[in-house]
Amino acid sequence: MEEKGNNIMDEINKLISERKQKLEELRKLGVDVYPRNFSITHAISQVREKYGTLKAEEKTEETVSLAGRIMSLRGMGKASFAHMKDQTGKLQIYIREDVLGERNYQIFRKFDIGDLIGVTGKVFSTKTGELSIQVEDLTLLAKSLRPLPEKWHGLKDIETRYRQRYIDLVVNEQVKDVFCTRSLIIKGIRKFLDNLGFLEVETPMMQSVVGGAAAKPFLTHHQALDMNLYLRISPELFLKRLVVGGLEKVYEVNRSFRNEGVSTRHNPEFTMLEVYQAYSDYNGMMDLCQKMILSIAKEVLGKDDFVYQENKINLGKIPWQRFSLYELLKEHTGLDFTNIHGLSEMRKAADRLNVKYKKDSPKHKILDHIFESYVQKKLIQPTFVLDYPAEFSPLAKAKKDNPELVERFELFIGGEELANAYSELNDPVEQRKRMEKQVEEKDIGEGREAEVDEDYLRALEYGLPPCGGLGIGVDRLVMVFTNSNSIRDVILFPQMRKETG
RNA sequence: GGGCCAUUAGCUCAACAGGUAGAGCAACUGCCUCUUAAGCAGGAGGUUGGAGGUUCGAUUCCUCCAUGGCCCA
């Protein structure tokens, strides 16, 4: 129904009907407006590499074939210039009636900005020294029916950019760069871990019992099995089952889903890296994390410093600084949180510090808020924050000398939380106690049955080796490396409400 | 969930204090064989996000709704 509505809209849109008319005229002239294929000899970047040094008015004898989208047109009667664009760059083409022939030039005059074309011709340099193709043969590869955004200002409307990313990519050059960097970062992760002998695995995205984090899940239903399933909020418990099974070094680049608010740093589906290594612990994970991010920076950015949100960040000063959570809180708030125990004391501390919280916020959420407002934004250079309270970290192993704290760290760069890691709790009896307590207190996030994952506990009972686990927010890492201030700028198709109107 | 802001031609933006909406690009019709934000001439393009209200008159003021952005929860 909606589609029909859109088609009616299209029909009344003058610009589109003009192009449809041209398409019909081209058909009448015997042009296949949506042909099957086209043989390319070069990408535009290859032409530039090979002939970038041509002097003004210099010609070559090599015939090349390129394909791409028309981005601009400058007609001058019996000759025209245009720019075409492929994935690798832009190049000027020069079309003359006396070279192309009268009929083919007439056909060309029906082309529009946005059309996909193939050109065959010789590389040359114009009077002003711009590398160009003297077109000898021109083929329409696909007719474009919708006008592109303006050539100079591009597409600025943020909503349209996110909803119609295909056009954002066509007209806004930097957007492609961000997603190329994203791809390189993920490649860099795989290369780094594979070289260390880690095994990449895939675990269920649809889980009947959710775990590994406190968050509201998405619910779905399997018809044939007639059972409810949740989309995973984390792959953690499955990856640790694999370590029980003897896969000692595993990782998963995983899409996870959380049924919570959207913001500049939260998309309902997001990408994480989770890594588990048997016989290691959170110290080992700190070392791994530091080396991995540094190696990715060198590979992707070619250096170990960069600018994020007007701050210069230097990853090269190894080891990265480490502070305990309570130490940082004391330094920045003046309060000693080791003495703050109950919920009411935590509320008092928040009130005193002018930090707002919801009436039903549990203690750890309030502490998070205090940390975010007083400490997090100041952690610009890479910083490991260590030793979190045990009551907020049910899957982490307690510190040997202080059972109230766990062996856990979070990594902050540029004021953003990028990683979270612990020495994994492998005592099945202790794990059961903590899970049962969570279920009792319903401290797992709303929207799901509070349920102990019995199969996970059974796996632990067989024996999980001492193990370090590390999670890295891949979207956040891309944000930091590409200096993007919204997660929506690093996700190709961010979640939006349904389009209206 | 709350607050503030935005929504005007295909795109980017104007419109004083409420007086019937303008420009550039794109498109259209001509002219033009080294242009490059090509140029010159001409004509066209709008239910100002939607629905109500106030007013002689609303893009402008008010209410509600939709979508988006930023901040807070």
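Below, chains carry the letters A, B, ... as their sequence lines are ordered, and counting in each starts from 1.
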Using a 4.0 Å heavy-atom cut-off across all strands, classify [X] as base, sugar-phosphate, or nothing.
X: A:R497; value: sugar-phosphate
X: A:Y357; value: sugar-phosphate
X: A:S361; value: nothing
X: A:L15; value: base
X: A:K22; value: sugar-phosphate
X: A:Y105; value: nothing
X: A:D98; value: base
X: A:G154; value: sugar-phosphate
X: A:H83; value: base
X: A:E97; value: nothing
X: A:K356; value: sugar-phosphate
X: A:K156; value: sugar-phosphate

Closest nucleotide among [options] to the [X] side chain:
X: A:E159; options: B:rU67, B:rC11, B:rU35; value: B:rU67
X: A:D112; options: B:rC28, B:rG68, B:rC32; value: B:rC28
X: A:K127; options: B:rA73, B:rU12, B:rC34; value: B:rC34
X: A:H153; options: B:rA26, B:rG69, B:rU12; value: B:rU12
X: A:E150; options: B:rC34, B:rA73, B:rC11; value: B:rC11
X: A:R488; options: B:rG68, B:rA37, B:rU33; value: B:rG68
X: A:R96; options: B:rA37, B:rC34, B:rU33; value: B:rU33
X: A:T264; options: B:rA26, B:rC70, B:rC34; value: B:rC70

Any donor and acceptor pair, going by atom type alone, linking the side chain of [X] with main-chain N or O of [Y] inside 3.5 Å?
X: A:D115; Y: A:S144; value: yes
X: A:R265; Y: A:R476; value: no
X: A:R258; Y: A:S234; value: no

Should we count [atom1] of [X] as having more than 12 external heavy atoms under 6.0 Å?
X: A:M206; atom1: CE; value: no
X: A:R352; atom1: CZ; value: no
X: A:K22; atom1: NZ; value: yes
X: A:K122; atom1: NZ; value: yes

Rounded distance in Å between the [atom1] positions of [N] and [M]:
N: B:rA17; M: B:rC70; atom1: C1'; value: 29 Å
N: B:rA44; M: B:rA6; atom1: P; value: 34 Å
N: B:rG39; M: B:rC34; atom1: P; value: 15 Å
N: B:rU47; M: B:rA9; atom1: C1'; value: 13 Å
N: B:rG18; M: B:rA58; atom1: P; value: 14 Å
N: B:rA37; M: B:rA23; atom1: C1'; value: 15 Å
N: B:rG69; M: B:rC16; atom1: C1'; value: 28 Å
N: B:rG52; M: B:rU60; atom1: P; value: 14 Å

Can a donor-acceptor pair under 3.5 Å be found between the side-chain atoms of A:S80 and the base atoms of B:rU35?
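Counting by modelled atom types and ignoring angles, no donor-acceptor contact under 3.5 Å is found here.
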What about A:Q92: does its side chain form a donor-acceptor pair under 3.5 Å with the base of B:rU35?
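Check passes, donor-acceptor contact within cut-off.
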[X] has an atom [atom1]; how far is it from atom [atom2] of [N], in whole Å?
X: A:R74; N: B:rA37; atom1: CZ; atom2: P; answer: 8 Å
X: A:R19; N: B:rC28; atom1: CZ; atom2: C1'; answer: 12 Å
X: A:M84; N: B:rU35; atom1: CE; atom2: P; answer: 22 Å
X: A:D157; N: B:rG10; atom1: CG; atom2: P; answer: 13 Å
X: A:I16; N: B:rC28; atom1: CD1; atom2: P; answer: 14 Å
X: A:N13; N: B:rA26; atom1: CG; atom2: P; answer: 17 Å
X: A:L148; N: B:rA37; atom1: CG; atom2: P; answer: 18 Å
X: A:K78; N: B:rC32; atom1: NZ; atom2: P; answer: 6 Å

Need to verify one output field. Residue with the more 5' nearest nucleotide on RNA chain B, A:A79 or A:K359?
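First, find each residue's nearest nucleotide; the 5'-ward one identifies A:A79.
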For A:E130 and A:H83, which I'm curious about, is there any donor-acceptor pair between the side chains at under 3.5 Å?
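Side-chain D/A pair, A:E130 to A:H83: present.
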List RNA chain B stems (3 or more consecutive Watson-Crick/G-U pairs, under 3.5 Å)?
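As far as RNA chain B goes, consecutive pairing (with distances under 3.5 Å) yields the stems B:1-7 with B:66-72, B:10-13 with B:22-25, B:28-31 with B:39-42, B:49-53 with B:61-65.
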Give a yes/no answer on whether the side chain of A:R163 brings an N or O atom under 4.0 Å of OP1 or OP2 in B:rG68.
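Checking B:rG68 against A:R163, a side-chain N or O does come within under 4.0 Å of OP1 or OP2.
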Between A:Y357 and A:D351, does a side-chain hydrogen bond (donor to acceptor under 3.5 Å, both in side chains) hold up when you go through it step by step?
CA-CA 9 Å; A:Y357 53 89; A:D351 292 341; 3.2 Å; yes
Just checking A:F371 against A:F337, ring centres under 6.0 Å apart?
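For A:F371 and A:F337, the ring centres are not under 6.0 Å apart.
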Any non-hydrogen side-chain atom of A:V355 less than 4.5 Å from a side-chain atom of A:I366?
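A:V355 vs A:I366: side chains apart.
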